[in-house]
Protein chains: 2
Amino acid sequence: MKKILITDDDAELRAKLSEILKEAGYLTDEAASGKEALKKAVSDEFDIVLLDLMMPKMSGMDVLAEIKKVRPRTKVIMITAFATVENAVDAVKKGASDYICKPFKIETLLATIGRVLEEIKFEDSANKLDLDYTFSTLSNQIRRNIIKLLGSKAGMRFVEITKELGIEEEHTKLAFHLRMLKETGIIEQDPEKLYSLTKEGEKIMDYLRTIENYILT
Amino acid sequence: MKKILITDDDAELRAKLSEILKEAGYLTDEAASGKEALKKAVSDEFDIVLLDLMMPKMSGMDVLAEIKKVRPRTKVIMITAFATVENAVDAVKKGASDYICKPFKIETLLATIGRVLEEIKFEDSANKLDLDYTFSTLSNQIRRNIIKLLGSKAGMRFVEITKELGIEEEHTKLAFHLRMLKETGIIEQDPEKLYSLTKEGEKIMDYLRTIENYILT
DNA sequence: CAATTCTGTCAATTATTGTTGACAGAATAC
DNA sequence: GTATTCTGTCAACAATAATTGACAGAATTG
């Protein structure tokens, strides 16, 4: 069940939208001001936030920026009565997923929400693949050790690595994991056969460090 | 090759210790003050830091605390001429691995270092097992989704989970992963057959969140 | 009560991962 | 140049993980 936060200073409009969206199968919550919207978006995780630009005090644009900062994965749909191309472009640049002009038809809103939710699905599956790949790479001790080793010292030779890892007797094992890491683009070899982390590899080493510190503390 | 940082304001003693430790097969570096020691320990990762308590300016105890804060896995061996039980207890509480009184025999120092290194080895292997287990659990998409789902909503029934994950047709698959998660103590079931995360599971969900946020940003 | 849905287990099968020994060209040492 | 060490490949095998279909008791519905 997807969660949508409706932000508008017009209580009547909020109530109406809330009713319609609930009928359409969404969970809804309401916020009367930008400040309230921000507060709710931070404390609770919404899939979508509907945000009216022209609200007193905090401008919708600022709220948008703040929400995206704290909840990068929450999608924000801007709603405004005074549409300009500049505003729209600005909003999208700041991370808005879409931009609707008042007055709008309910179908327009529902269609927009549907489209944005499709985007979420797509992004999620892309991220999942990435995570699969990352976690399965990191689920092996030897590979983790290789990554850490090359992270602390770039450009090592084959023997050097076997020695550091204490697996001099099992060099084929090392060759296997090195090949794996090479195929997945985590490490690379220069013409002198020295192994180093790729950019991607450094990123993964960072994840590893993050988690290790997390577990150790 | 293990790296040891020797901290003492007596240059002669430092040089002597450094020579001995190098002969014993260690990499060494020296620091003349607590401040210098802290700086080096932060910028470089040492396995062991030898720390003299009675140094001008920053007290050894403070340096100890700072080092452990930044480098929780670096082991610190305190060395002091004025040993008291209180100091020793205090040092160990603050995270010192051992406590040696001046004057000491070289054999004592080497033995202490050897013992502490053994501890590191032991801790490392324990951590590695933990990491293996964590990563291999997380390397499966379905399990990650189950964990996230139960993290957002504790106490779900079997069908509910299949529906949320969109695998109504493959219920045996879900049963398999649920059993795995149950066996590894990540999730549990109450008498009404509702599934929830265990404490351990919540911890693992935290790791997952950490990494996901890391990857997404 | 009968029918149906829910919550599994189990065994068989398949897919994926990891290990090992045999072998060999390239580089280096002597 | 010869011997030795380094840096692999390859195929066979072993171990582990994941999927699937058949089945069944428990709970719920009607």
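In the text below, chain A, chain B and the rest are named by the order of the sequence lines, each starting its count at 1.
- Atoms CZ (A:F176) and P (D:dC13) sit 18 Å apart, rounded to a whole Å.
- Ring planes of B:H171 and B:F158: perpendicular class, angle over 60° (limits at 30 and 60°).
- A:E164 has no carboxylate O lying under 4.0 Å from a charged side-chain N of A:K153, or vice versa, which leaves the two without a salt bridge.
- Between B:Y195 and C:dC6 there is no side-chain N or O to OP1 or OP2 distance below 4.0 Å.
- Here C:dG8 presents its P atom at 10 Å from CG of B:L194, a figure rounded to the nearest Å.
- Between A:E170 atom CD and D:dC6 atom P the separation is 17 Å, expressed in whole Å.
- The distance from atom CD of A:E192 to atom C1' of C:dA26 is 15 Å, rounded to the nearest whole Å.
- With respect to the salt-bridge test (charged N to carboxylate O, under 4.0 angstrom), the residues B:R115 and B:D98 qualify.
- A salt bridge is defined here as a Lys NZ or Arg NE, NH1 or NH2 lying under 4.0 Å from an Asp or Glu carboxylate O, and A:D29 with A:K3 fails to meet this definition.
- For A:L178 and C:dT17, the CG to P distance is 18 Å, given to the nearest whole Å.
- Here A:D132 pairs with B:R144 in a salt bridge; the nearest charged N to carboxylate O distance falls below 4.0 Å.
- One interatomic measurement links the two molecules: CD of B:E183 to P of D:dT16, which rounds to 15 Å at whole-angstrom precision.
- Classification of the A:F135-B:F135 ring pair by plane angle, with boundaries at 30° and 60°, yields tilted.
- Nucleotide C:dC6 holds its C1' atom 15 Å from the CD atom of B:E169, rounded to whole Å.
- Between A:R179 and D:dG8 there is no side-chain polar atom (N or O) within less than 4.0 angstrom of OP1 or OP2.
- Residue whose closest nucleotide on DNA chain C sits further toward the 5' end, between A:S136 and A:K193: A:S136.
- In this entry the distance linking CD1 of B:I142 with P of D:dA17 reads 15 Å, nearest Å.
- Using a 4.0 Å cut-off between charged nitrogen and carboxylate oxygen, B:K102 and B:D52 count as a salt-bridge pair.
- On a pure distance criterion of 3.5 Å, a polar donor-acceptor pair joins the side chain of A:H171 and the base of D:dG8.
- The stretch residues 153-166 of chain A has no heavy atom under 4.0 Å from DNA chain C, so no residue of it qualifies as close.
- Distances shown here put a side-chain N or O of B:N140 below 4.0 Å from the OP1 or OP2 atom of D:dA18.
- Taking only side-chain nitrogens and oxygens, A:R143 comes nearer than 4.0 Å to OP1 or OP2 of C:dG18.
- Distances shorter than 4.0 Å separate some side-chain N or O of B:Q189 from OP1 or OP2 on C:dG8.
- Of the candidates D:dA22, C:dT20, C:dG18, C:dT20 carries the atom nearest the A:K173 side chain, counting heavy atoms from C-beta on.
- Contact between the side-chain N/O atoms of B:H177 and the OP1/OP2 oxygens of D:dT19 is found at a separation under 4.0 Å.
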